[in-house]
Structures are given as structure tokens and as C-alpha cells.
Amino acid sequence: MKKQKLKILLIGPCGTGKTSIANTLSDNGPKWKADGSFKLGPTKALRIVEFDYPDLNVNNEHITAEIELWDTSGDDQYKLTWPALRHETHGVIFVYSRNSTETNRKLEIFYNYFVTQPKLSARQCFVINHILPNNESDIEMDIVKLSPTFAKLSQIKVNLSENSLKLKNDFRVYVTSLLSTLKNHRKE
Ligand SMILES: Nc1nc2c(ncn2[C@@H]2O[C@H](COP(=O)(O)OP(=O)(O)OP(=O)(O)O)[C@@H](O)[C@H]2O)c(=O)[nH]1
Ligand SMILES: [Mg+2]
């Protein structure tokens with residue numbers, strides 16, 4: 001069966017659950033605990049999680065996707081790593097948890113740097129709205145819609161504590177469509 005490597009970035013503001021999502025998708029690494037007995041710490045710059053998706057049907061061709069999921073930190077202090085992050089990237093997944101002016105501002109900066117500048121297409125992107133429980137101090141006063149840039153991207157809303165299987169299924173669909181998009185790019 002044909003194999004294809006895919007470098008996929010997981011980017012978004014700090015504390016939106018990127019590491020939690022990466023660990024869920026790869027069935028690996030520590031998970032947060034619903035009873036609060038374990039919390040994930042902030043990612044230091046980057047971790048790369050590798051796993052395979054065998055036997056994906058991409059326009060009637062069977063392909064094993066060898067996925068490198070780059071679980072990045074949302075902290076601006078690691079901006080120096082950005083050129084390495086976007087180098088030869090096939091796909092970009094944006095993660096956010098609450099709609100706010102600040103979230104929009106950050107997502108726009110990420111989109112411009114990781115999608116517009118390297119000329120990726122909207123079809124190579126995926127947006128995850130990760131529902132995290134708000135605590136009192138966290139309640140957002142300025143709930144705003146995501147900017148029009150994001151309206152055209154494929155988007156899901158997920159609550160890992162209720163339905164992590166949905167995340168896995170939607171990710172599989174995204175990977176299959178990404179492989180198909182890359183195949184079409186090569187034909188052009
Ligand atoms: N209740 C709940 N908490 C979660 C969930 N996912 C993550 N958390 C907690 O939310 C916090 C942030 O999650 P992370 O996955 O570390 O967030 P991140 O986007 O990787 O953050 P950075 O690495 O700092 O950019 C951690 O304290 C987690 O334990 C979830 O699905 N439900
Ligand atoms: Mg992290």
C-alpha cells in the first residue's frame with residue numbers, strides 16, 4: 001500500500017487544548033482528568049506526535065497516512081520557531097476555545113503567517129472549536145464571531161469529555177480530504 005507523510009500543524013492560542021487534542025488523536029500521552037486530579041502543563045515550544053492512519057480511501061487509491069502532528073505552543077515567546085514550523089507543512093489545524101476579539105486577532109496572525117504567506121489553500125486547513133468548561137474568572141464578555149477568513153474553512157465544535165470519537169472521525173475525514181487535495185495539486 002502506498003504511504004504518504006503528512007506534516008500537520010496544530011496551532012492556536014495558549015490553553016485551548018492543543019496538547020489534549022494531539023494526545024487524543026494519537027491515543028498516546030497523558031490526558032487531562034475530569035476530576036481535576038491531573039492538568040496538562042503548557043507546551044514548551046513544540047512536541048511532535050507521530051502516528052499512522054492505514055488504508056485511507058483517497059479517490060479509490062488506498063493510502064497509509066504517516067502523520068507528524070506538530071503540537072505547538074500558543075505562546076508568542078516561541079515566535080523564533082515559526083519559520084521551522086511552517087517549512088514544508090501540508091496542513092494546518094487551528095484550535096480555539098472561546099470567541100473573543102483577542103482570539104480573532106491571534107487566529108488572523110496565525111492564518112496570515114502559516115497559510116497565506118506560504119500559499120496554502122483553504123482546503124488544507126481545519127478549525128476546531130474546543131469547548132472547555134469556563135470557570136468564573138474566565139467568562140468572556142466580548143463574544144464575537146470568527147472573522148470571514150475562517151468562515152470558508154471546514155470547522156467542527158468538539159467537547160472531548162463528551163465525544164472524543166467525533167474528533168477522531170472528523171480528523172480522519174480531514175486527513176483523507178487533505179491527501180486528495182495534495183494529489184490534485186501534484187496533477188496541476
Ligand atoms: N475539562 C477539560 N480540561 C481540558 C481538556 N483539554 C485540556 N484541558 C485542560 O486545559 C488546559 C490546557 O490544555 P492544553 O492541552 O495543555 O492546552 P494547549 O493548547 O496545548 O496549551 P499550550 O501548550 O500552552 O499552548 C490544561 O490544564 C488541560 O488539563 C478537556 O477536554 N476538558
Ligand atoms: Mg500544549
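Start at 1 and go down the list; that is how both ligands and their atoms are numbered. Residue numbers run from 1 in the order of the sequence given.
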Worksheet item: Any chance NZ of Lys183 has more than 12 other-residue heavy atoms, nucleotides or ligands included, within less than 6.0 Å?
Response: yes

Worksheet item: Does any N/O atom on Thr16 come nearer than 3.5 Å to any N/O atom on ligand 1?
Response: yes

Worksheet item: So, are Lys168 and Asp27 salt-bridged, with charged N and O less than 4.0 Å apart?
Response: yes

Fill in: ring pair (Phe, Tyr, Trp, His ring centres under 6.0 Å) involving Phe150 - partner list, sequence neighbours excluded
Phe94, Tyr111

Worksheet item: What do you reckon, does Leu160 have a nitrogen or oxygen under 3.5 Å from a nitrogen or oxygen of ligand 1?
Response: no

Item to complete: State plainly whether the residues Arg105 and Glu102 are in salt-bridge range, i.e. N to O under 4.0 Å.
Response: yes

Item to complete: Flag yes if more than 12 heavy atoms outside Lys157 fall under 6.0 Å of its NZ atom; otherwise flag no.
Response: no

Practice prompt. Show which atoms of ligand 1 fall inside a sub-4.0 Å distance from at least one heavy-atom site of Gly17.
Written response: 13 (O), 14 (P), 15 (O), 17 (O), 18 (P), 19 (O)

Response to the item:
ligand 1 to Leu132, heavy atom cutoff 4.0 Å, flagged ligand atoms 2 (C), 3 (N), 4 (C), 5 (C), 6 (N), 8 (N), 30 (C), 32 (N)

Discussion item. Looking at the Mg ion (ligand 2), is there an N, O or S atom belonging to Ser73 that lies under 2.8 Å away from it?
Written reply: no

Discussion item. Judged on heavy-atom distance to atom 24 (O) of ligand 1, which of Ala45, Ser73, Ser161, Pro42 sits nearest?
Written reply: Pro42

Worksheet item: What do you reckon, does Gly41 put a non-hydrogen atom under 4.0 Å from ligand 1?
Response: yes

Item to complete: Look only at interatomic distance and state if Asp75 has a nitrogen or oxygen under 3.5 Å from any nitrogen or oxygen of ligand 1.
Response: no

Fill in: Donor-acceptor pair, side chain of Arg123 and main chain of Thr181, under 3.5 angstrom
no

Item to complete: Check each heavy atom of Val95 against ligand 1 and say whether those closer than 4.0 Å belong to the side chain, the backbone, both or neither.
Response: neither

Fill in: Cys14, Ser164, Ser97, Ser20: member with heavy atom nearest to atom 7 (C) of ligand 1
Ser20

Worksheet item: What distance do Leu10 atom CG and Ser73 atom OG have between them, rounded to the nearest 0.5 Å?
Response: 11.5 Å

Practice prompt. For Gly74, counting its heavy atoms only, list the atoms of ligand 1 lying under 4.0 Å from any of them.
Written response: 25 (O)

Item to complete: Would you mind running through ligand 1 and noting each atom that sits below 4.0 Å from a heavy atom of Lys18?
Response: 15 (O), 17 (O), 18 (P), 19 (O), 20 (O), 21 (O), 22 (P), 25 (O)

Discussion item. Please tell me whether Asp71 and Thr19 have a donor and an acceptor in their side chains that are separated by less than 3.5 angstrom.
Written reply: yes

Item to complete: Decide, yes or no, whether a salt bridge links Glu61 with Lys2 under the criterion of side-chain N to carboxylate O below 4.0 Å.
Response: yes

Practice prompt. Have a look at the Mg ion (ligand 2) and estimate, to 10 degrees, the angle subtended by OG1 (Thr43) and OG1 (Thr19).
Written response: 80°

